[in-house]
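Numbers here simply count residues along the sequence, with the first being 1. Just follow the structure's listing: the first ligand is 1, and inside any ligand the first atom is 1. Values in this document were obtained by computation on a predicted structure and should not be read as measured data.
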Amino acid sequence: MTTRLLFVCLGNICRSPSAENIMNHLIQQRQLGERFLCDSAGTASYHTGSSPDRRMAQAAQAQGIDLVGRARQVTAHDLAQFDYVLAMDRQNYRDLLALDPVGQYSDRVRLMCDFCRRHPDQEVPDPYYGGPEGFQYVIDLLLDACEGLLDYVLDHPVAPSR
Ligand code: 4NP
């Protein structure tokens, strides 16, 4: 059985590709590769086809993590396909729920920071218009959230509605 995790932000070039690649890094470290499938997407389409932001990739590389992948826009079909859909901020969360007006999959959509154990943050801040420290902070926050999420999904491997 494969647990499918989708990470979602606005542009899919900063926060969500970082979350996806950090999660894959942790999954490999724990030799759990067979059990999980990770992807990421953006609520907006303007960066579709783009590689991760260079500033974000530098901050991830400083922690030994390569950012790979190309941006795509999230679809309503994703909600049916993935067990967990992790929103980086509350606006992403609202935009995801709007893809599912009946609420059939709303229990699959979660805020990423709900899985943090070291940080009090409730949202992953958008680093796009800020300086390098914002990108470093996103990586640190996502390492925390991904560790918490991995422990959670090991205990709860499929969406309640699957
Ligand atoms: P992301 O960051 O949602 O973490 O990928 C952003 C990327 C691009 C823009 C905003 C946020 N933008 O306005 O183009």
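The immediate protein surroundings of ligand 1, defined as residues with any heavy atom under 4.0 Å of it, consist of Cys9, Leu10, Gly11, Asn12, Ile13, Cys14, Arg15, Tyr46, His47, Asp126, Tyr128, Tyr129.
In this structure, Tyr46 shares a hydrophobic cluster with Leu10, the cluster being traced through Ile, Leu, Val, Met, Phe, Trp and Tyr side chains under 4.5 angstrom apart.
Judged by a 6.0 Å distance limit and a 45° cone about the ring axis, Arg110 is positioned over the six-membered ring of Tyr152.
Contact check on Asp78 versus Arg72 returns a salt bridge, with a Lys/Arg side-chain nitrogen under 4.0 Å from an Asp/Glu carboxylate oxygen. Salt bridge annotation for Asp89-Arg15: present, with a cationic side-chain nitrogen under 4.0 angstrom from a carboxylate oxygen.
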Would you list the atom pairs, donor with acceptor, under 3.5 Å between side chains in residues 112-119 and any protein atom, with sequence neighbours excluded?
{"from": "Arg117", "atom 1": "NH1", "to": "Asp151", "atom 2": "OD2", "distance (Å)": "2.9"}
{"from": "Arg117", "atom 1": "NH2", "to": "Asp151", "atom 2": "OD2", "distance (Å)": "3.2"}
{"from": "His119", "atom 1": "ND1", "to": "Asp144", "atom 2": "OD2", "distance (Å)": "2.7"}
{"from": "His119", "atom 1": "NE2", "to": "Asp140", "atom 2": "OD2", "distance (Å)": "3.1"}

Residues 126-139, side-chain donor-acceptor partners within the protein, below 3.5 Å, at least two apart:
{"from": "Asp126", "atom 1": "OD1", "to": "Tyr128", "atom 2": "N", "distance (Å)": "3.0"}
{"from": "Tyr137", "atom 1": "OH", "to": "Asp121", "atom 2": "OD1", "distance (Å)": "2.7"}
{"from": "Tyr137", "atom 1": "OH", "to": "Asp121", "atom 2": "OD2", "distance (Å)": "3.0"}

